Structures are given as structure tokens and as C-alpha cells.
Asker: 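Take a look at the following structure, please.
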Amino acid sequence: MISDKKQENETLKKQLAGFREIHQVLSEIIAEVSQDQKEALICRHFKEISGADEISLFLFNPKTERFHFRTATGESARNYAGGFLIPGEGEFSSLPEPDLRPTYSHRIRIETENDTYTYDDKFIMVIPVTAFSTVYGILISEYDDPCTTIDNDKEELIRVFLTPLSSLFECYAERQRQEGKAKSLELLYEIGSKLSSLRDEEQILENIMFLIEKHLQVDRCSLMIIDEDRKYLRIKKAFGIDDLDINKSKVPLGVGIAGHVAMGTRPLLIKDIASEKNLVSLVQQKANFRTNSLLSVPLVSQGEVIGVINVNNRKDGLPFSVEDMELLSKIGSEIAAVLHRSYLTLQLKKARELDREIRRSMV
């Protein structure tokens with residue numbers, strides 16, 4: 001009886017010592033100003049707590065909708081740099097609680113620009129860091145020893161360590177969203193400045209196209225206008241497209257992606273054209289779609305579509321996001337306003353010329 005009590009006390013002392021150590025570790029992580037250093041400390045300390053041979057950290061980016069590699073211990077830091085996690089079917093869709101058991105031959109893989117890495121020959125733990133049922137990050141613990149086990153005390157320490165990290169990564173994700181909004185506002189502010197300082201339509205449109213290339217980081221963009229007979233779309237401005245293609249371009253309404261969008265008033269976002277079987281036939285020049293992702297936004301003035309703006313081939317190779325679509329739609333509204341203003345100016349000029357002709361004929 002006394003022996004059991006003594007053993008229980010020893011266990012409690014051991015747990016308290018572990019909790020104090022975790023508290024010191026978390027204080028060190030939170031006190032670190034640099035996000036990169038915070039993440040490096042998380043991996044280093046988690047490696048010690050879990051007894052893993054390697055630790056890798058991936059954080060969810062809402063813009064790309066992927067878990068991107070952030071940092072790791074050992075060789076993984078070099079191997080996985082610039083990569084992102086590719087889950088198996090339904091892998092990260094519901095991970096309310098981390099499974100703290102090393103698992104052999106997991107279905108996920110890591111893709112980088114030059115290589116693909118799998119865990120087929122490793123024992124790993126895939127540990128989600130969640131807050132309010134949202135997965136903000138994934139910690140992957142790699143083990144060389146197939147007999148590795150996580151006892152109850154160590155499991156408790158891991159859970160205590162993970163709990164505050166969810167808030168840390170939630171703040172990081174929110175900061176990413178705010179930075180994205182700030183960049184969008186910067187672009188819209190620059191466009192507004194051009195609209196207020198320039199009056200020539202050609203100069204304004206050229207400046208807007210330059211800003212789209214600069215901020216959205218795309219290889220190709222085309223601004224297409226519906227002709228007076230409302231039968232065809234013609235390219236008015238573009239970059240990343242041969243001059244010959246621009247001069248020859250003439251798309252009937254309802255034909256191709258742009259012609260399809262011009263028939264309605266809603267933008268079209270395609271993350272992967274290969275997976276959109278009902279739209280593949282609308283792509284006329286598939287060789288131009290290096291990234292398989294595109295955006296097409298109608299230009300609406302006075303409730304009527306007057307043109308379309310198209311972008312494809314993001315320079316980072318990632319698909320376009322809903323945020324990209326919303327931003328391009330706002331830019332499209334500004335472009336439509338410029339074109340409408342030019343149209344009114346032209347109509348006023350024609351009216352004045354007609355008035356002069358009538359006056360001359362009366363004399």
C-alpha cells in the first residue's frame with residue numbers, strides 16, 4: 001500500500017517536471033519574435049518530446065489551399081524545401097484528434113519542384129494542429145525504429161505541447177489573410193491613382209495591365225472587348241501573347257472560355273482544366289495553359305457585358321484562388337468604368353460633330 005502510494009507520488013513528480021519543462025519551452029517559443037524561429041523551435045523541441053528522429057512542419061495556406069513545407073530538423077529541411085503535402089483520399093479532411101501512434105507506409109507524399117518524397121519505407125506520426133475544427137498545420141514525426149512506442153506520460157506531454165500551438169498557427173494564418181488583403185488594397189489603390197491622374201484610355205489600360213502582371217504574377221493576360229455588332233470578342237490589350245495572335249484574335253460569343261464568359265455576368269475560376277470535363281472542349285489552345293488554371297472575368301457596364309479579362313499561368317505554378325477571382329473582378333469593374341467613360345466621350349464627340357454638320361448644312 002505504501003509502495004503504491006510512493007510510486008504514485010513519483011509519477012506525479014515526473015509529470016509535474018514534464019509540465020514545467022513544456023511551460024518553459026512554450027514560453028521560449030512565444031517570446032521569439034521571428035515566425036521562422038518560432039517554427040524552428042517548435043520542431044526542435046517536439047523532436048525531443050516525441051523522441052522522433054526527424055520532425056517536419058507544414059502550414060496550411062488558404063490562398064493555395066495546400067499544406068506548404070515550412071521547416072524541419074535534419075536532412076528533411078533541405079529535401080522538402082519549397083514542397084507541399086499531397087494527401088491520400090480524405091487524408092486531412094477530418095482529423096479532430098492526433099493519432100499518436102507511429103504508422104508504417106502512410107499514403108501522403110511531398111512534392112517539390114524537382115522531386116517527390118513518400119513515407120512508404122518509414123514509420124511516421126501525422127499530427128494535425130487544429131483550432132475550432134480547422135486544421136492549420138501538420139507535424140510529421142519520422143521514426144527509424146519500427147518498435148517505437150508512445151507511452152501514456154509522453155502522450156500527455158505531446159498533447160499539452162500541441163494545445164497552445166493551435167492559437168499560434170491560427171494567428172499566423174490570420175496574418176497571412178491580412179497580408180493578402182493588404183496587397184489587394186495596394187493594387188486597387190495604385191489603379192485608382194492611375195484613374196485619377198490619367199485621362200487617356202490607352203495609357204490607363206496599359207498601366208492596369210502592368211499592375212496585374214506585377215501583383216497577380218501571371219505570364220499571360222488578355223483584355224477582350226465585344227464589337228459593336230455584339231458578335232465577336234477582340235483583344236484590345238494583352239501581355240504574354242504574340243502580337244500575331246493579338247491581331248488575328250477574333251472569338252465569337254459563346255465560343256471558347258472567353259466567349260462563354262461574355263455570354264453571362266459571372267466570373268469563371270478553373271483550378272484545373274483537366275478535371276473540368278465539361279469545360280475542356282472550350283479551351284482552344286491547350287498548349288497555352290501551362291498551369292491548367294485560369295480566371296476569366298466579364299466586364300460589366302450599365303448591366304451589360306462589354307468585354308472579358310482573362311489571366312492564366314501563375315508564375316509560381318499554383319492554381320488561382322477565390323481571392324484572386326474576387327480581386328480580378330474588382331479590377332474588371334475599374335476597367336469597365338474606364339471603357340464606359342471612353343465610350344461616353346466618343347459619343348459626345350460624335351454628337352458635337354453631327355451638330356456642326358447640321359449647322360453647316362443649315363447655313
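Computed from a predicted structure; not experimentally measured.
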Asker: Quick check: closest heavy atoms across P128 and I138, and the distance to 0.1 Å?
Answerer: CA-CD1, 4.0 Å
Asker: Any side-chain heavy atom of L339 within less than 4.5 Å of one from L205?
Answerer: yes
Asker: Let me confirm one number: the OG-CD distance from S76 to E54, rounded to the nearest 0.5 Å.
Answerer: 4.0 Å
Asker: Are Y136 and F60 near enough that their ring centres are under 6.0 Å apart?
Answerer: no
Asker: Would you give the length of the straight line joining atom CD of E334 to atom CG of L299, rounded to the nearest 0.5 angstrom?
Answerer: 11.5 Å
Asker: Show your working on side chain to side chain contact (heavy atoms under 4.5 Å, CB included) between E186 and H215 and close with a plain yes or no.
Answerer: CA-CA 9 Å; E186 180 186 350; H215 287 268; 3.9 Å; yes
Asker: Should K237 and E206 count as an ion pair when the cut-off is N to O under 4.0 Å?
Answerer: yes
Asker: Shortest non-hydrogen contact from V255 to V251?
Answerer: O-CG1, 3.2 Å
Asker: Does the pair K250/D227 count as a salt bridge with the N-to-O cut at 4.0 Å?
Answerer: no
Asker: Please lay out, stage by stage, how E201 and K236 fare under the test salt bridge (charged side-chain N to carboxylate O under 4.0 Å, His left out).
Answerer: CA-CA 11 Å; E201 176 191 300; K236 185 174 181 65; 3.0 Å; yes
Asker: Any chance NZ of K330 has more than 12 other-residue heavy atoms, nucleotides or ligands included, within less than 6.0 Å?
Answerer: no
Asker: Quick check: does any side chain N or O of N207 sit under 3.5 Å from a backbone N or O of L211, one acting as donor and the other as acceptor?
Answerer: no
Asker: Decide yes or no for V297 and V261: does some side-chain heavy atom of the first lie under 4.5 Å from some side-chain heavy atom of the second?
Answerer: no
Asker: If we ignore hydrogens and angles and just use 3.5 Å, is the side chain of R234 paired with the main-chain N or O of I225 as donor and acceptor?
Answerer: no
Asker: Roughly how far, to the nearest 0.5 Å, is CE of M325 from CG of L294?
Answerer: 12.0 Å
Asker: Would I309 and S222 count as a side chain to side chain contact (heavy atoms under 4.5 Å, CB included) if you check the C-alpha gap in whole Å, the side-chain angles of each, and the deciding distance to 0.1 Å?
Answerer: CA-CA 6 Å; I309 184 165; S222 62; over 6 Å; no
Asker: I'd like to check Y119 versus I140 (side-chain heavy atoms, cut-off strictly below 4.5 Å). Are they in contact?
Answerer: yes
Asker: Quick check: does any side chain N or O of S301 sit under 3.5 Å from a backbone N or O of H340, one acting as donor and the other as acceptor?
Answerer: no
Asker: Got F67 and L59 here, is their nearest side-chain heavy-atom distance under 4.5 Å?
Answerer: no
Asker: Return yes if some donor-acceptor pair links the side-chain N/O of D229 with the main-chain N/O of K231 below 3.5 Å, else return no.
Answerer: no
Asker: May I ask you to test the N312-L295 pair for a side-chain heavy-atom distance under 4.5 Å?
Answerer: no
Asker: What's the shortest heavy-atom distance between I86 and E111, and which atoms?
Answerer: CG1-CG, 3.9 Å
Asker: Of all the heavy-atom pairs spanning M125 and S50, show the shortest one and how long it is.
Answerer: CE-CB, 4.5 Å
Asker: Answer yes when D53 and K47 have at least one side-chain N-carboxylate O distance shorter than 4.0 Å, and no when they do not.
Answerer: no
Asker: Would you call D324 and L216 a side-chain contact if the rule is heavy atoms closer than 4.5 Å?
Answerer: yes
Asker: For a quick test of reading the model, state the closest non-hydrogen atom pair linking S296 to N310 and the distance between them.
Answerer: OG-OD1, 2.6 Å
Asker: Take F46 and I127 through the test side chain to side chain contact (heavy atoms under 4.5 Å, CB included) and record every step on the way to the result.
Answerer: CA-CA 11 Å; F46 191 68; I127 304 170; 3.4 Å; yes
Asker: Salt bridge check: are E190 and K214 linked by an N-O gap of less than 4.0 Å?
Answerer: yes
Asker: For atom CZ of R230, decide whether the heavy atoms of other residues, nucleotides or ligands shown that lie under 6.0 angstrom number more than 12.
Answerer: yes
Asker: Tell me if a side-chain donor or acceptor on S56 pairs with a main-chain N or O of A72 at a distance below 3.5 Å.
Answerer: no
Asker: Does some side-chain heavy atom of F320 sit less than 4.5 Å from a side-chain heavy atom of V311?
Answerer: yes
Asker: Within the side chain of T116, is there an N or O that forms a donor-acceptor pair under 3.5 Å with the backbone of T112?
Answerer: no
Asker: For the OG1 atom of T73 and the CD atom of E48, what is their distance to the nearest 0.5 Å?
Answerer: 10.5 Å
Asker: Measure from the side-chain N and O atoms of N313 to the backbone N and O of D219, and report whether any donor-acceptor pair falls under 3.5 Å.
Answerer: no
Asker: With rounding to the nearest 0.5 Å, note down the distance linking CD1 in I335 to CD1 in I331.
Answerer: 7.0 Å
Asker: Quick check: do C221 and M209 have side-chain heavy atoms less than 4.5 Å from each other?
Answerer: yes
Asker: Starting from the C-alpha separation in whole Å, work towards a yes-or-no answer on side chain to side chain contact (heavy atoms under 4.5 Å, CB included) for F84 and N61.
Answerer: CA-CA 10 Å; F84 51 89; N61 186 327; over 6 Å; no
Asker: At what distance, to the nearest 0.5 angstrom, does CD of Q37 lie from OG1 of T71?
Answerer: 9.0 Å
Asker: For residues L57 and L139, report the shortest heavy-atom separation together with the two atoms involved.
Answerer: CD1-CD2, 3.9 Å
Asker: What is the ring orientation for Y80 with F58, classed by angle as parallel under 30°, tilted 30 to 60°, or perpendicular over 60°?
Answerer: tilted
Asker: With sequence neighbours left out, what residues match Y232 under ring-ring contact (aromatic ring centres under 6.0 Å, His included)?
Answerer: none
